[in-house]
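Below you'll find the structure, written out as structure tokens, and then a few comments.
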Amino acid sequence: MIELRSYIEKVRHEFPDEVLTISKEVDPRFEITALVAKLEQERRFPLLVFENVKGTKFPVVTNVHAARRRLASAIGSEPRSAVATYLRRIARPIPPKEIATGPVKEVILKGEQVDLRVLPQIVHHQDDAGPYLTAGITLARDPLSGRLNCSFNRLMFIDKNHTSIHLTLAKHLWECYTNAEKLKQPLKLAVILGAHPAWSLAALNIGSIDEEEFYLMGALAGEAMEVVPAETTDLKVPARAEMILEGEIPPFERVDEGPFGEFTGYSLGSRKREIFHVQAVTHRKDAFLHDIAVGHIDHLLLSTIPMEANLFRSVRAMVPSVKAVRIPAPFTVYVSIEKKTEGQGKNAILAILGSDLYMKHVIVVDHDIDIFNDQRVQWAVGTRCQADRDVMIISHVGGSDLDPSNLKDGVTAKMGIDATAKPRLDTFTPRHRVAKDVFERLDLKDFVPAAWLAQKDGKR
């Protein structure tokens, strides 16, 4: 069955050294994220299971998405072909399958029975305003179109049955809520806690507001998602999630939210945010809480594959010979194209900037540049780009409200760098090369000690 716990067992089987179970008690205030950070320093990224978390009966699972090969495995792919697999699968949506009940209904709490304080109160960073839920997939239905939408939204605990909720400006859930607010109605929600990575990758799909993510979740998982009726809304929820929070965002109510350390690596200050009133909680009897270490590899990699897939699709519509897309840093993307006509470099830039609100820096290179090698990308910028000819800057456009460099929330400047050879690579100044026959004839083993060759790059 497709569920988060079956995925954890799959990782134990396929990558046994990449699941670490910790039995010693940990304090959810800082210690969980601190252990993730210390392991990162050692270039170790295991899936972590904390069995004994202070102040709660619920274990915590984190670092689920912290390796590209594990994420690729979740959708039946190899790491290098994950974007191609993602695009191929979401092109064939699989509708969800409704069943009467499921494991997520083993415990049902409503009204006064709801007490969010029994959950692990994870404080991730020293400047955070309080404990947050970071791995929840928010499910809502647009009150005007009736379309279902899934997204990741951070939730800050307020009291036993309220959290704040961060709605990203101009994104789909924000659109659903503003439509409800215009009607002076609350927006009904369900928050999925404990999702299979295929579900998470689908929830992060950047497509039309008309695309329903439950269909994409089935497509990426390779089988229909089983859903059951929610307790307090007309929404259907995953039967095999670990936990579901049900409730609503009332209109016209706001609360101070933050500071919170975001994916950018910066702690953003307090702002007024919407309120989530939790009216029911359902969960498995032995449920665990899924946490995402925001701003660490777990978080950054999860977002990368869906974003790269969307950007690849967008560029391909303008430049069919696109070869690869990579997001190396927040708000930044590299694109490799086989340029066949002059102007395609700038066309690729325009396609990127028009298809993703978050992207503000785009570098386009020729297909001979490995965009997974930062040094080669910068070499192309240095040797194939003239700033007055090849750099585009667009001021005062919509962007991310999480960008700490913005002077106004959601308003930014965007830049594209066309670092392709002009007019084309085949007519550009030739690169120097070692003679092919000599390069192929020489074997390093004949010249370099075997012990030196066996060393890992990081230990040389």
Side-chain angles (χ1 to χ4, degrees), residues 2-8 28 32 47-50 53 55-65 102-110 113-124 131-140 149-158 160-166 173 188-204 213-214 217 221 225-228 230-233 235-249 276-294 298-299 302:
I2 296 296
E3 55 189 6
L4 180 53
R5 55 183 61 200
S6 71
Y7 171 76
I8 294 171
I32 290 174
L47 188 158
L48 295 167
V49 180
F50 293 96
V53 180
T56 182
K57 69 177 183 180
F58 295 94
V60 170
V61 174
T62 192
N63 239 29
V64 170
H65 319 105
V104 80
K105 295 289 191 176
E106 289 173 351
V107 177
I108 300 174
L109 305 169
K110 295 181 183 180
Q113 295 176 306
V114 172
D115 190 350
L116 300 176
R117 296 170 297 188
V118 304
L119 300 178
Q121 302 292 295
I122 301 174
V123 183
H124 296 80
Y132 274 80
L133 293 171
T134 57
I137 298 176
T138 305
L139 173 65
N149 180 71
C150 294
S151 61
F152 276 89
N153 304 87
R154 71 189 193 215
L155 306 174
M156 184 183 79
F157 290 97
I158 297 175
K160 68 187 293 288
N161 60 352
H162 293 90
T163 75
S164 64
I165 182 168
H166 176 273
L173 184 61
K188 295 290 187 178
L189 297 185
V191 176
I192 305 162
L193 292 168
H196 188 280
W199 304 351
S200 300
L201 289 167
L204 288 164
E213 282 87 352
F214 272 11
M217 290 177 182
M225 169 183 278
E226 293 182 337
V227 295
V228 293
E231 294 295 315
T232 59
T233 79
L235 296 170
K236 304 295 188 298
V237 298
R240 296 189 169 274
E242 291 296 311
M243 183 179 299
I244 301 291
L245 310 183
E246 299 179 21
E248 63 185 26
I249 309 178
F276 176 36
H277 178 201
V278 182
Q279 298 165 324
V281 177
T282 69
H283 63 80
R284 294 171 181 253
K285 288 180 180 177
D286 60 345
F288 53 77
L289 183 76
H290 180 202
D291 174 67
I292 293 176
V294 176
D298 182 22
H299 183 202
L302 175 62

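No side-chain heavy atom of P28 sits less than 4.5 Å from a side-chain heavy atom of F50. Two residues are said to be in side-chain contact when any heavy atoms from C-beta on lie closer than 4.5 Å; L116 and V278 meet this criterion. Side-chain contact check for R240 versus V104: every heavy-atom pair is 4.5 Å or farther apart. Side-chain contact between F157 and P131 is present, with at least one heavy-atom pair separated by less than 4.5 Å. In this structure the side chain of I165 reaches within 4.5 angstrom of the side chain of I249, judged on heavy atoms. Taking the side chain as every heavy atom from C-beta outward, P197 and L302 never approach each other to under 4.5 Å. Contact check for I292 versus T62: no side-chain heavy atoms found under the 4.5 Å cut-off. A 4.5 Å side-chain heavy-atom check between V61 and I8 finds at least one atom pair inside the cut-off.
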Does the side-chain contact (heavy atoms from CB on, under 4.5 Å) test come out yes or no for N149 and E213, once each step is laid out? CA-CA 6 Å; N149 180 71; E213 282 87 352; 3.6 Å; yes
For a side-chain contact (heavy atoms from CB on, under 4.5 Å) check, start with the C-alpha distance between F152 and T138, then their side-chain angles and the critical distance, and finish with the verdict. CA-CA 6 Å; F152 276 89; T138 305; over 6 Å; no
Show the numbers, then the answer: is there a side-chain contact (heavy atoms from CB on, under 4.5 Å) between I122 and L289? CA-CA 10 Å; I122 301 174; L289 183 76; 4.1 Å; yes
Salt bridge (charged side-chain N to carboxylate O under 4.0 Å, His left out) assessment of D115 paired with R117: CA-CA 5 Å; D115 190 350; R117 296 170 297 188; 2.9 Å; yes
Would you sort out whether F214 and V227 count as a side-chain contact (heavy atoms from CB on, under 4.5 Å), showing the intermediate values? CA-CA 9 Å; F214 272 11; V227 295; 3.8 Å; yes
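Judged purely by atom type and a 3.5 angstrom limit, T56 uses its side chain to pair as donor or acceptor with the backbone of V118. Judged by distance alone, the side chain of N63 and the main-chain N or O of L47 form no donor-acceptor pair under 3.5 Å.
How far CD of E248 is from NZ of K188: 4.0 Å, rounded to the nearest 0.5 Å. Note that CE of M243 is 10.0 Å distant from CZ of F288, once rounded to the nearest 0.5 Å. With rounding to the nearest 0.5 angstrom, the OG atom of S164 is 5.0 Å from the CD1 atom of I158. In this structure, CG in L204 is found 7.5 Å from CD1 in I137, a value given to the nearest 0.5 Å. For the atom pair E246 CD and T233 OG1, the distance stands at 5.5 Å (nearest 0.5 Å). Here the CG-CG distance, from L193 to L155, works out to 7.5 Å after rounding to the nearest 0.5 Å.
The environment of K160 atom NZ is dense: over 12 non-hydrogen atoms of other residues, nucleotides or ligands sit within 6.0 angstrom.
The two residues W199 and P238 come nearest to each other via the heavy atoms CZ3-CB, 3.9 Å. Among all heavy-atom pairs drawn from A140 and L189, the shortest one is CB-CD2, 3.5 Å. I244 and A190 get closest at one heavy-atom pair: CG2-CB, 4.1 Å. Residues L245 and V281 share a closest heavy-atom pair of CD2-CG2, 3.8 Å. Summarising the geometry of P59 relative to A287, their closest heavy-atom pair is CD-O, 3.6 Å, with the distance given to 0.1 Å. Shown here for L139 and L235, the closest heavy-atom pair between the two residues is O-CD1, 3.7 Å.
Under a 4.0 Å N-O distance rule, the pair K236/E226 does not qualify as a salt bridge. Salt bridge E242/R284: present, at least one basic N to carboxylate O contact under 4.0 Å. Checked for salt-bridge contact, D286 and R5 meet the test: a charged N lies under 4.0 Å from a carboxylate O.
The aromatic ring centres of H290 and H65 sit less than 6.0 Å apart.
The aromatic rings of H277 and H162 lie parallel to each other, their planes meeting at an angle below 30°, with 60° marking the opposite boundary.
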